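Following: one structure in structure tokens, then a few remarks.
Residue numbers start at 1 and run along the sequence shown. Since the model is a prediction, treat every value here as computed from it, not as a measurement.
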Amino acid sequence: MLGPVILAASRSDRMRRLVSAAPVTKQVVDRFIPGETVDEILPVIEELTGNGLELTMDVVGEDITTPEQAAAARDAYLELIGRLGPLELGTRAEMSVKLSMFGQALPGGHELALANVRPVVEAAAATGTTVTLDAEDHTTLDSMFAIHDELRGNFPQTGCVIQAYLFRTEEDARRLAANGSRVRLVKGAYKEPAEVAHQHKHAIDKAYVRILRTLMEGEGYPMIGSHDPRLISITQELARTAGRKLDEYEFQMLYGIRGEEHLRLVAEGHRMRVYTAYGTDWYGYFMRRLAEKPANLRFFLRSMVSKG
């Protein structure tokens, strides 16, 4: 049950200072976040795509408190898209965005987030790629889905994320599958109350499989966000049962986790997309990676003991 403790620490300024000051932190963070600037991340993009992998790019940073910061986040994505254009990667390098970065939690946040994300979606489409809207805590989802519906009016390739641990997600999946959306299914990484979310791994895994079946049998494009070998095998079986070809769904995993599995899936002919984050405001993203998987926390603690 360390996950909720780590997530609480991700919101602590004191813990941010302690973790950031640890001599080993940068070395460990680099495992999950391979750069802070576009110049640093472009060689990583070229290396990964050269190995047959696809990417979804995330500019890290969620603690937005002013409209000016939200506009800066928008501009950071526009800079990235502009730099990706000459590489002509198309959908092999898409964007993932958190609407909190675009001002969703500010006064008038729904309209502000839509106004900031729209030019990013437009710029992505102009270079032949697309955007996926990340899911955040349950209080933000009605706004996220409304923005998703609005954007798909002109950009139907716009994707969204659903989280298996939320009770509402099975209904959301049925709606999205019928609408032919691009949908990334993840287990969920935010601390949610028992009134809205499953609290135990077994229940979450069972919900994940039910939702995955709905997506595979639907009219959309499923994106399977999981590192779990059992869920990967179940995905392949459900895809075969649904008669899906290998290019009619994809796997997605985080940069820095199970890299050999990324390449194995590509070698089998699967589409394999690596969620690749970069930027200077890495703390919240890093702490969520530790919270999601005990092995990540053990890796960090071992590094602090051996290198600190």
Requested in this report: Taking atom types as modelled, find out whether Glu136 and Ser100 have a side-chain donor-acceptor pair closer than 3.5 angstrom.
Outcome: yes

Query raised in the report: Can you find a heavy atom in the side chain of Leu48 that is under 4.5 Å from one in the side chain of Val44?
Result: yes

Requested in this report: Report yes if some heavy atom in the side chain of Leu263 is under 4.5 Å from a heavy atom in the side chain of Asn51; otherwise report no.
Outcome: yes

Report summary line: Correct closest heavy-atom pair for Leu84 and Ala93 would be CD1-CB, 4.3 Å

Query - Donor-acceptor pair, side chain of Thr129 and main chain of Gly90, under 3.5 angstrom - result: yes

Query raised in the report: Between CD1 of Ile224 and CG of Leu265, what distance do you get to the nearest 0.5 Å?
Result: 10.5 Å

Report task. May I ask you to check whether over 12 heavy atoms, not counting those of Glu260, lie within 6.0 Å of atom CD? Result -> no

Report task. Show your working on salt bridge (charged side-chain N to carboxylate O under 4.0 Å, His left out) between Arg240 and Glu237 and close with a plain yes or no. Result -> CA-CA 5 Å; Arg240 283 192 292 267; Glu237 180 58 33; 2.9 Å; yes

Report summary line: Smallest heavy-atom separation, Gln104 atom then Ser143 atom, equals NE2-OG, 3.1 Å

Report task. Keeping the roles fixed (side chain from Thr132, backbone from Ser96), state whether a donor-acceptor pair exists under 3.5 Å. Result -> no

Query - Asn116 side-chain N/O to Phe102 backbone N/O, donor-acceptor pair under 3.5 Å - result: yes

Query raised in the report: Is Val186 reachable from Leu141 through a run of I, L, V, M, F, W or Y residues, each pair having side-chain heavy atoms under 4.5 Å apart?
Result: no

Report summary line: Heavy-atom closest pair (Gly159 atom, His148 atom, distance to 0.1 Å) is O-CD2, 3.5 Å

Query raised in the report: Just how far is it from atom NE2 of His227 to atom CD of Gln252, taken to the nearest 0.5 Å?
Result: 10.0 Å

Query raised in the report: Can any side-chain N or O of Tyr77 pair as donor or acceptor with the backbone N or O of Val59 at less than 3.5 Å?
Result: yes

Query - Minimum heavy-atom distance Ala164-Ile211, with the two atoms named - result: CA-CD1, 3.8 Å

Query raised in the report: If only atom types and distance count, is the side chain of Gln163 paired as donor or acceptor with the main-chain N or O of Val161 below 3.5 Å?
Result: no

Report task. Would you check if the side chain of Arg273 reaches a backbone N or O of Thr56 as a donor-acceptor pair within less than 3.5 Å? Result -> no

Requested in this report: Indicate yes or no: does Glu268 engage Arg264 in a salt bridge with an N to O separation below 4.0 Å.
Outcome: yes

Query raised in the report: Under a 4.5 Å side-chain heavy-atom rule over Ile, Leu, Val, Met, Phe, Trp and Tyr, are Leu246 and Val183 clustered together?
Result: yes

Requested in this report: Ignoring hydrogens and angles, tell me if any N or O in the side chain of Glu261 forms a donor-acceptor pair with the backbone of Arg258 under 3.5 Å.
Outcome: no

Report task. For the residue pair Thr235 and Ile232, establish whether any side-chain heavy-atom pair is separated by less than 4.5 Å. Result -> no

Query - Glu40 side chain to Glu36 backbone, donor-acceptor under 3.5 Å - result: yes

**Report entry** Polar side-chain atom of Tyr208 near backbone of Leu185 as donor-acceptor pair, under 3.5 Å
**Finding:** yes

Report task. Taking the side chain as every heavy atom from C-beta outward, state whether Leu55 and Glu94 have any pair of such atoms under 4.5 Å apart. Result -> no

Report summary line: Scanning both residues in full, the closest heavy-atom pair of Leu78 with Ala123 reads CD2-CB, 3.7 Å

**Report entry** Test log, rule salt bridge (charged side-chain N to carboxylate O under 4.0 Å, His left out), inputs Lys191 and Asp137
**Finding:** CA-CA 8 Å; Lys191 179 173 172 53; Asp137 76 81; over 6 Å; no

Requested in this report: Decide whether Tyr255 and Leu80 are clustered together by the hydrophobic rule: side chain heavy atoms of Ile, Leu, Val, Met, Phe, Trp, Tyr closer than 4.5 Å, transitively.
Outcome: yes

Query raised in the report: Looking at side-chain heavy atoms only, is the closest gap between Asp58 and Tyr278 below 4.5 Å?
Result: no

Query - Note: Arg175-Asp149 ion pair, threshold 4.0 Å (strictly below) - result: yes

Query - Straight-line distance of Met57 CE to Tyr275 OH, nearest 0.5 Å - result: 10.0 Å

Query raised in the report: Judged by modelled atom types alone, do Thr214 and Glu170 share a side-chain donor-acceptor pair under 3.5 Å?
Result: no

Report task. Step by step, work out the ring-ring contact (aromatic ring centres under 6.0 Å, His included) result for His198 and Tyr165. Result -> CA-CA 5 Å; His198 299 290; Tyr165 67 169; 8.7 Å; no

Query raised in the report: Any sub-3.5 Å donor-acceptor pair from Thr66's side-chain atoms to Gln69's backbone N or O?
Result: yes

Query raised in the report: Is any NZ, NE, NH1 or NH2 atom of the basic residue among Arg168 and Asp142 found under 4.0 Å from an Asp or Glu carboxylate oxygen of the other?
Result: yes

Requested in this report: Show the numbers, then the answer: is there a side-chain hydrogen bond (donor to acceptor under 3.5 Å, both in side chains) between Thr241 and Arg213?
Outcome: CA-CA 10 Å; Thr241 301; Arg213 180 178 290 108; over 6 Å; no

Query raised in the report: Any link between Leu231 and Met223 through a network of hydrophobic side chains (Ile, Leu, Val, Met, Phe, Trp, Tyr) touching at under 4.5 Å?
Result: no

Query raised in the report: Roughly how far, to the nearest 0.5 Å, is CD of Glu219 from CG of Leu176?
Result: 12.0 Å

Query raised in the report: What's the spacing between Met144 CE and Leu114 CG if we round to 0.5 Å?
Result: 13.5 Å

Requested in this report: Answer yes or no: is there an ion pair linking Glu250 with Arg182, defined by an N-O contact shorter than 4.0 Å?
Outcome: no

**Report entry** ILVMFWY cluster, Tyr221 and Leu151 together (side-chain gap under 4.5 Å)
**Finding:** no

Query raised in the report: Between Arg83 and Asp39, does at least one N-O distance fall below 4.0 Å, as a salt bridge requires?
Result: yes

Report summary line: Taking every heavy atom of Glu248 against every heavy atom of Gly243, the minimum-distance pair comes out as OE1-O, 4.0 Å

Query raised in the report: So do Leu133 and Phe145 actually touch side chain to side chain, heavy atoms under 4.5 Å?
Result: no

Query raised in the report: Do the side-chain N and O atoms of Arg152 and Ser181 include a donor-acceptor pair separated by under 3.5 angstrom?
Result: yes

Requested in this report: Would you mind checking if Arg174 and Glu171 are paired as a salt bridge, meaning a charged N to carboxylate O distance below 4.0 Å?
Outcome: no

